[in-house]
Amino acid sequence: MYRNRIILLCAGLLIGQNYFYSFERVNTNDLLMSYLENDAELKKTAISAEKAQLSLDATQINNGFDIELSTGNITISADSNGTIFSIKPSVQASIPEASNLKISASASYNYKNDTSEIKDTKISTSVDILSNSSLNREISLLKAERSLEEAKRKLKKQAISAEKNFYSELKSLLNSTSSIINAQKNLYNSKIDFEKIKAQGYTSSSSTYRLAQTKVQSEEHEIERSSRLLIHSYVTFYKKCGHNVSFDEKTDFYSLIPDDIPDIVPIDVNTLNPDTYSEIENALWTNKINSMQRDNSKDYSLSANGGFTFNNSATSSNTIDAGLSSTINGVVLSTGISFPISDSFFPSFSLSASVSPNSFRQNSITKKQNSLAEKEEQLAIETARWNYELNKSEWIQNLEDLLWNKKKDESSYNNYVTLEKDMGRYYRQGIISQSEYYSARTNLQSYTVKKIINAIDLIIYNDNILTMFIGA
């Protein structure tokens, strides 16, 4: 009878439905969502993405249609003859996307001794014929859009990383649970062996008795230590998921094992475009934007302007105005002409020129630097492609190993499901011992945990792939 009582007590040390404190499991997806909501880095990254959107909005405004109104200098004075007032208002509209087209109007208004005069009223327009302004605008917008895109990618990557951390922590808990299950099985067998020794008449002073007793005590202490650590880990994990829970030494850890882990389809890297591999994509983007900037560093430009001036002070008549400005290497040339609209034709000419000898030498150095930069960027692309091929082989091998383990563990799990049912029937019929039945039961529980861990491993594998590819 004493032996049977010990056997029942040992059975309680295994995972049982009645002995342990029961905990109502929370849906895994709900835990994950709460885990993500409480992730501080994810919140910070979301704020950074919003800031990047505002920066893009500001850049689009700065590079879009613009209009400027100005009063110019306003002068008011008085003397013995009366009040003197002058103002030079102006308005200018610019359309950067239309070859940097600018349209402006200005005038000069004077009032003195009850006499008013408007002169130098001018309407003009200018446009770039050969310049880098349009490309400058495009580069500026592309960089702002890229910053927003990278912020969004970082947000997505952080969310995936947080999910990966969630499942990694859950996997660690399950591994610890599996270790405790196996330790409880060993303790059960050790106690059976200890009872056999006592039944054989060994006294407490004998070495055989003391060795068996010490083994039982050591295994009990190890289970207690592991259980305390696991309880702490579970409480911390649930806290991260927004749940305040408490467990004790009677906690049924097996009841905490989730049964709703999604069975996902692993990503086949062979179906992914290599150019979306983050290292390659970043190298290609860097080369693209830098090439645009190098092409934009032209050593020549040409722009034209034209307009109409009412009461031009330079010719004392209304004039039609036109001009050209050009830059070639370090030489800057500009010319202009104003055609009076009157009976006599006396146009006004303007011409200016400047030269900077250092510009010629600087342009030569810049061209060499650009050539080296292009070679460096192409090398970065080649290196990224080489790294991709190396990593691809490792990803494929890792997936093959995961799927092989999954297949083998599922086969063992199915065998233990059948075996546990058969052994339970045999035990109830008295054909086998309780020890043999609980051995089969523990093996089933262990492979139940392994089966869940295999599903988690595939989720973590997919998360790793998703963080390394753009738009996967």
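On a predicted model such as this, the values are computed, not experimentally measured, just so you know.
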From CA spacing to verdict: side chain to side chain donor-acceptor pair (under 3.5 Å), Ser435, Ser433: CA-CA 5 Å; Ser435 175; Ser433 67; 4.8 Å; no
Donor-acceptor under 3.5 Å (Ser446 side chain, Thr442 main chain): yes
Whether Phe237 and Tyr35 hold their rings parallel, tilted or perpendicular, with breakpoints at 30° and 60°: tilted
Worked verdict on Glu163 versus Ile459 for side chain to side chain contact (heavy atoms under 4.5 Å, CB included): CA-CA 9 Å; Glu163 180 187 68; Ile459 293 175; 4.3 Å; yes
Residue that, paired with Leu173, satisfies side chain to side chain contact (heavy atoms under 4.5 Å, CB included) out of Ile257, Thr236, Leu230, Leu256: Leu230
Worked verdict on Tyr254 versus Ile181 for side chain to side chain contact (heavy atoms under 4.5 Å, CB included): CA-CA 8 Å; Tyr254 191 72; Ile181 290 174; 3.9 Å; yes
Residues Glu150, Arg146: salt bridge by 4.0 Å N-O rule: yes
No-hydrogen, no-angle side-chain donor-acceptor test under 3.5 Å, Gln434 and Tyr427: yes
Side chain proximity check, Ile267 to Phe469, heavy atoms < 4.5 angstrom: no
Cation-pi, Tyr447 ring and Lys450 (6.0 angstrom, 45 degrees): yes
Verdict with reasoning, Glu374 to Gln378, per side chain to side chain donor-acceptor pair (under 3.5 Å): CA-CA 6 Å; Glu374 176 66 24; Gln378 289 299 326; 2.9 Å; yes
Validation row: Lys375, Ser371 side chains within 4.5 angstrom (heavy atoms): yes
Electrostatic pair Asp39:Lys44 at N-O distance under 4.0 angstrom: no
Pro266 and Leu402, any side-chain heavy atoms less than 4.5 Å apart: no
Side-chain H-bond candidate by donor/acceptor type, Tyr167 with Asp463, under 3.5 Å: no
Test: Glu149 and Arg153 ion pair at under 4.0 Å: yes
Flag, side chain of Asp260 to backbone of Thr28, donor-acceptor distance under 3.5 Å: yes
Under 3.5 Å donor-acceptor, Asn443 side chain and Glu420 backbone: no
Polar contact flag, side-chain donor to acceptor under 3.5 angstrom, Asn186-Glu219: no
Modelled atom types, side-chain donor and acceptor of Arg210 and Ser207, under 3.5 Å: no
Derivation and outcome, side chain to side chain contact (heavy atoms under 4.5 Å, CB included), residues Lys143 and Gln293: CA-CA 11 Å; Lys143 284 185 174 181; Gln293 290 176 320; 2.5 Å; yes
Trace of the side chain to side chain contact (heavy atoms under 4.5 Å, CB included) decision for Glu281 with Asp275: CA-CA 6 Å; Glu281 193 274 343; Asp275 286 352; over 6 Å; no
Charged tip of Lys198 within 45° of Phe194 ring normal and under 6.0 Å: yes
Charged N-O contact under 4.0 Å between Lys406 and Glu410: yes
